[in-house]
Amino acid sequence: MTDYIAPLRLGVNIDHVATLRNARGGALPDPVRAAKLAEEAGADGITAHLREDRRHIRDQDIADLMDALEKPLNFEMAATDEMQAIALQYKPHAVCIVPEKREERTTEGGLNVAGDDNRLAAYIDPLRAAGSRVSLFISHEPDQIRASARIGAAVVELHTGAYCDFHAEGRFAERDEELAKLRDGAALAHSLGLEVHAGHGLTYDCVTPIAQFPEVVELNIGHFLIGESVFRGLGPAIAEMRRIMDVARDGTAQ
């Protein structure tokens, strides 16, 4: 008799619909419309990252998403006073704390929880009290996972970027080493009572091994799906990712 494996959720990040909108100015394409299409296509939640420089998602987008969504909103943000105030205003289902640098193109690496645990413990307390589930976007390093559990986070999201990069570059030995570290990290986090998510850089070609980790209950995917939607349409792009994830999870072949 096999152990029960929880269903695998898909969170769709709609940041880069807003990136496209902001490149031209105006209101189109509308990230809220993209979020609603994602819900219809099989997304279990929507992720939006409100950056300090507002390079994609804007404050009004968060307000509009909170009004429009039927599925949970995962609000990604840096651990700043400004973002804490916004999260406490809207009280989204989940708040994911991520490292943020103005000069980066996308989030690089995981949050240094172990090196900033006292501040982060105090920072997340009001968010937890407001009813938001607090997630920390971290590497697979054991000290970061243990620190996340110690300060009272409900969730960790493991950064899969290096694994995805190694896969794309054909560096398969390094990819497999990184995959093993992610697997060990997921198992450790689960053993400490943390809910385990994963994301960053996942594509149709590399998602299956991550989706097969029994401890991982949610994958957050954005840039690839928005890019793929240019060719397939957003709904079909998401539906195909949903299909691949489900096949990986239940072990069937199609």
Side-chain angles (χ1 to χ4, degrees), residues 11-19 21-22 31 35 45-66 72-141 143-145 147-162 189 194-201 218-223 226:
V12 173
N13 185 314
I14 46 86
D15 289 352
H16 295 299
V17 177
T19 300
R21 173 196 63 193
N22 297 352
I46 302 298
T47 293
H49 182 176
L50 185 65
R51 282 181 170 266
E52 177 221 6
D53 60 10
R54 309 307 199 265
R55 70 177 63 170
H56 36 60
I57 295 296
R58 301 169 180 164
D59 298 61
Q60 188 60 47
D61 295 327
I62 298 299
D64 292 343
L65 287 165
M66 289 295 297
L73 176 66
N74 177 35
F75 177 38
E76 286 190 350
M77 59 181 233
T80 65
D81 291 343
E82 178 194 25
M83 291 302 155
Q84 185 189 62
I86 293 170
L88 292 174
Q89 176 185 354
Y90 291 107
K91 300 179 176 63
H93 167 78
V95 172
C96 184
I97 311 297
V98 302
E100 186 175 307
K101 294 186 289 187
R102 183 180 284 268
E103 65 272 16
E104 69 188 359
R105 290 188 179 183
T106 185
T107 304
E108 300 172 354
L111 197 67
N112 183 17
V113 184
D116 199 17
D117 53 347
N118 289 333
R119 184 183 76 90
L120 286 171
Y123 184 86
I124 69 174
D125 276 348
L127 302 170
R128 297 168 59 199
S132 294
R133 301 194 76 209
V134 175
S135 173
L136 302 176
F137 189 62
I138 63 170
S139 74
H140 50 61
E141 296 300 326
D143 59 340
Q144 302 297 343
I145 295 168
S148 299
R150 186 169 63 248
I151 70 170
V155 181
V156 289
E157 181 172 342
L158 299 181
H159 191 307
T160 55
L194 293 160
E195 184 171 297
V196 187
H197 301 178
H200 200 83
E218 182 171 306
L219 300 179
N220 284 297
I221 306 174
H223 182 267
I226 303 307

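Keep in mind it's a predicted model, so treat the numbers as computed, not measured.
Listed by chain and number, the residues in a side chain to side chain contact (heavy atoms under 4.5 Å, CB included) with Arg58 are Arg21, Asn22, Asp61 (sequence neighbours excluded). Scored by the ring pair (Phe, Tyr, Trp, His ring centres under 6.0 Å) test, His223 finds His16 as partners (sequence neighbours excluded). Remark: Asn74 pairs with Thr47 by the side chain to side chain donor-acceptor pair (under 3.5 Å) rule, at least two apart or across chains. For Glu195, the side chain to side chain donor-acceptor pair (under 3.5 Å) criterion is met by Arg9, Arg133, His197, not counting sequence neighbours. Residues forming a side chain to side chain contact (heavy atoms under 4.5 Å, CB included) with Pro72 (at least two apart in sequence, or on another chain): His93. With sequence neighbours excluded, no residue forms a side chain to side chain donor-acceptor pair (under 3.5 Å) with Asp143. Listed by chain and number, the residues in a side chain to side chain contact (heavy atoms under 4.5 Å, CB included) with Ala87 are Phe75, Met77, Val95, Leu127 (sequence neighbours excluded).
Rounding to the nearest 0.5 angstrom, the gap separating the CD atom in Glu100 from the CE atom in Met83 is 6.5 Å. Here OH of Tyr123 is found 12.0 Å from CD1 of Ile151. Values are rounded to the nearest 0.5 Å. Taken to the nearest 0.5 Å, the CD1 atom of Ile138 stands 5.0 Å off from the CD1 atom of Ile145. Note: Leu219 CG to Thr160 OG1 = 8.0 Å, rounded to the nearest 0.5 Å. With rounding to the nearest 0.5 Å, the separation of CD1 in Ile57 from CG in Asn13 is 7.5 Å. Distance CZ/Arg51 to OG1/Thr80: 12.0 Å, rounded to 0.5 Å.
Not one N or O on the side chain of Ser132 forms a donor-acceptor pair closer than 3.5 Å with the backbone of Val134. Between the side chain of Ser148 and the main chain of Ala153, no donor-acceptor pair closer than 3.5 Å is present. With hydrogens and angles ignored, the 3.5 Å screen pairs no side-chain donor or acceptor of Glu157 with any backbone N or O of Ser135.
Identified under the salt bridge (charged side-chain N to carboxylate O under 4.0 Å, His left out) test for residues 81-99, with sequence neighbours left out: Arg54-Glu82.
Looking at every heavy atom in both residues, Tyr90 comes nearest to Asp59 through OH-O, 4.4 Å. Contact record, Pro31 with Ala18: CG-CB, 4.2 Å, taken as the closest heavy-atom pair. Nearest heavy atom pair, residue His49 against residue Asp15, reads N-OD1, 2.9 Å. Closest approach of Phe137 and Gly199 over heavy atoms only: CE1-O, 3.7 Å. Minimum interatomic distance between Ala35 and Leu65 (heavy atoms only, all atoms of both residues): CB-CD2, 3.7 Å.
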(request) Show your working on side chain to side chain contact (heavy atoms under 4.5 Å, CB included) between Val196 and Val155 and close with a plain yes or no. (result) CA-CA 6 Å; Val196 187; Val155 181; over 6 Å; no

For residues 112-122, which side-chain donor-acceptor pairs fall under 3.5 Å, sequence neighbours excluded?
from: Asn112; atom 1: OD1; to: Gly115; atom 2: N; distance (Å): 3.1
from: Asn112; atom 1: OD1; to: Gln144; atom 2: NE2; distance (Å): 3.1
from: Asp116; atom 1: OD1; to: Arg119; atom 2: NE; distance (Å): 3.4
from: Asp116; atom 1: OD2; to: Arg119; atom 2: NE; distance (Å): 2.8
from: Asp116; atom 1: OD2; to: Arg119; atom 2: NH2; distance (Å): 3.0
from: Asp117; atom 1: OD2; to: Arg150; atom 2: NH2; distance (Å): 3.1
from: Arg119; atom 1: NH1; to: Ala79; atom 2: O; distance (Å): 3.1

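Residues Leu111 and Ile97 meet the side-chain proximity criterion, which asks for heavy atoms closer than 4.5 Å. Between Ile221 and Val12, every side-chain heavy-atom pair lies at or beyond the 4.5 Å cut-off.
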